[in-house]
Q: 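Structure in structure tokens, see below.
Throughout, protein chains are lettered first and strands after them, A, B, ... in sequence-line order, and every chain is numbered starting at 1.
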There are 2 protein chains.
Amino acid sequence: MEQSSTEEATAAAGGSRIQRRNRARISEAALDVFAQHGYRGATLDQIAERAGLSKPNILYYFSGKEEIHVTLLNQLMDRWLAPLRRIDPDGDPLTEILTYVRRKLKMSQKYPRESRLFANEILQGAPRIAPHLEQDLKPLVDGAAATIQGWIDAGRIAPTDPRHLIFSIWATTQHYADFAAQVGVLVEEKSPTDGAEQFLTTLFTRMLQPRRD
Amino acid sequence: MEQSSTEEATAAAGGSRIQRRNRARISEAALDVFAQHGYRGATLDQIAERAGLSKPNILYYFSGKEEIHVTLLNQLMDRWLAPLRRIDPDGDPLTEILTYVRRKLKMSQKYPRESRLFANEILQGAPRIAPHLEQDLKPLVDGAAATIQGWIDAGRIAPTDPRHLIFSIWATTQHYADFAAQVGVLVEEKSPTDGAEQFLTTLFTRMLQPRRD
DNA sequence: CGTTAAGTTGACCATTTGGTAAAAGACCAC
DNA sequence: GTGGTCTTTTACCAAATGGTCAACTTAACG
């Protein structure tokens, strides 16, 4: 009894080696397809082919297209919110925020498909992730905004709206993943994110450096 | 002969009143659907229903799904690039750039569907708009970047990478249209773009205000 | 080994999808 | 009004899509 509950409860790392391997393959393939075509534009056949499995076999591991999508979204949210959690209210304000910016930029660089998956979901009105936003993201952002507001009130960074500051960090960092096709046309460098790190550091330093009013 | 070429050439405002009216209805409906679901996720049936026309009737006006999409994209690009063209190399640098920021933000506010349509297309790798980017967008951006670099060289705004500056303007302004579903969860105000204008003005003012090194 | 459970697949299905053909209907100049 | 064009619809199609099922194969393990 205890065993069966352990087996089925989290459904995270559970299952045999085969189960873990094939679930991973499917997630990998589905991430490609959903990130590029969005939920409705993705097909099980595409996912199956890219995963090297047959379509019925995929439906042996996931109950349907939607479950695959939701699973990806859940995995994503953890990774996505991690950098925000690491902002330390007791750290140096400018350092904390610039570190956050660099972490977010690294995420765009390292997980562009995750960024696009998320962008697609939000573009479509967040039909499947809205609960997560409300329950997980919102309190986190409220906390971060309070921290930043505290820094502002203490005169340690220049005053501004914390929430819009956070939006601007998300927007500018994720842009390099979500709009890579456009950035690639307009920039010669092999890796535009190199120039991006330099630029964003400057942008948010100038924005936040405390100034005598 | 001259007449027939005039009739069929541009295919813009051509056709009878009925043609113009129905083409407009279809464009309107297709913009809704493509913006929300992306190219592959959109269906002719959805477009037809929203346009109040039958599916075959839609295919009387457009040769197929792809032609509708391409038509929308073409119409979009004109409107989209207009603010960039209006940057005046002879104007006051900071004013010019802040005016550009505000115009872009207003576009996000007024044409969120167009913004999402564009975002969707780029997310998918710009398969249908890549030529436009190369031919229309790139030279425009090159010109604007040169203008900004000129201002920097003259010491009239603080030094930075012009291209990444442009990216950051696009990213921050379009964010309020493309990620509206997320912004709506996190901000109480009825119109987050109000706070956004204030914030972005501050952001780019602090970024660009010339400083004695 | 052999047996049992886990994993895989080919054949199939109902629905949806982009698109077509042809006939019916609306419009318009004469 | 009448002939001819422009517009719309009804009926239809082939392909694609999400999903099922029963049969088959493979792995696990005493």
Q: Between A/Ser54 and C/dT8, is there a contact of a side-chain N or O with OP1 or OP2 at under 4.0 Å?
A: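 Answer is no, no contact under 4.0 Å.
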Q: B/Tyr61 near the nucleic acid: base, sugar-phosphate alone, or nothing, with a heavy-atom cut-off under 4.0 Å?
A: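 Sugar-phosphate, backbone atoms only, no base.
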Q: Between A/Val141 and A/Leu84, does the side chain to side chain contact (heavy atoms under 4.5 Å, CB included) criterion hold? Intermediate values first, please.
A: CA-CA 8 Å; A/Val141 168; A/Leu84 197 55; 4.0 Å; yes
Q: Under 3.5 Å, is there a donor-acceptor pair between the side chain of B/Ser108 and the main chain of B/Tyr176?
A: no
Q: Distance under 4.0 Å to a non-hydrogen atom of chain B counts as contact; along DNA chain D, which nucleotides mark the start and end?
A: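 The protein-touched segment is D/dC6 to D/dT17.
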Q: What is the per-nucleotide protein-contact pattern of nucleotides 13-30 of chain C, from the 5' end, where B denotes a base atom under 4.0 Å from a protein heavy atom, S denotes such proximity for sugar-phosphate atoms only, and - denotes neither?
A: ----SBBBB---------
Q: For A/Arg23 and C/dA6, give me the distance from atom CZ to atom C1', rounded to whole Å.
A: 14 Å
Q: So, using salt bridge (charged side-chain N to carboxylate O under 4.0 Å, His left out) as the criterion, who are the partners of A/Glu66 when residues are at least two apart?
A: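 Scan of A/Glu66 (salt bridge (charged side-chain N to carboxylate O under 4.0 Å, His left out), adjacent residues dropped) gives A/Arg128.
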Q: Within the pair A/Asn57 and C/dG7, is there a side-chain N or O less than 4.0 Å away from OP1 or OP2?
A: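 False: A/Asn57 side-chain N/O out of range (4.0 Å or more) of C/dG7 OP1/OP2.
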Q: My understanding is that only residues two or more places apart in sequence, or in another chain, count here; which of them pass ring pair (Phe, Tyr, Trp, His ring centres under 6.0 Å) with B/Phe34?
A: B/Tyr39, B/His69
Q: Taking all heavy atoms of B/Asn120 and all of B/Ala35, pick out the closest pair and write down the distance.
A: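 Heavy atoms only, the tightest pair is ND2-O, 2.9 Å.
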Q: Starting at CD of A/Glu49 and ending at P of C/dT9, how long is that distance when rounded to a whole Å?
A: 14 Å
Q: Using only side-chain N and O atoms of A/Tyr60, determine if any of them is under 4.0 Å from OP1 or OP2 of C/dT8.
A: no
Q: Under 3.5 Å, side chain of A/Lys104 to main-chain N/O of A/Thr172, donor-acceptor pair present?
A: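 Side chain of A/Lys104 to backbone of A/Thr172: no pair is present.
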Q: May I have all residue pairs that pass ring-ring contact (aromatic ring centres under 6.0 Å, His included) and include part of residues 121-140 of chain B, sequence neighbours excluded?
A: none
Q: Listed by chain and number, what are the side chain to side chain donor-acceptor pair (under 3.5 Å) partners of A/His175, not counting sequence neighbours?
A: none
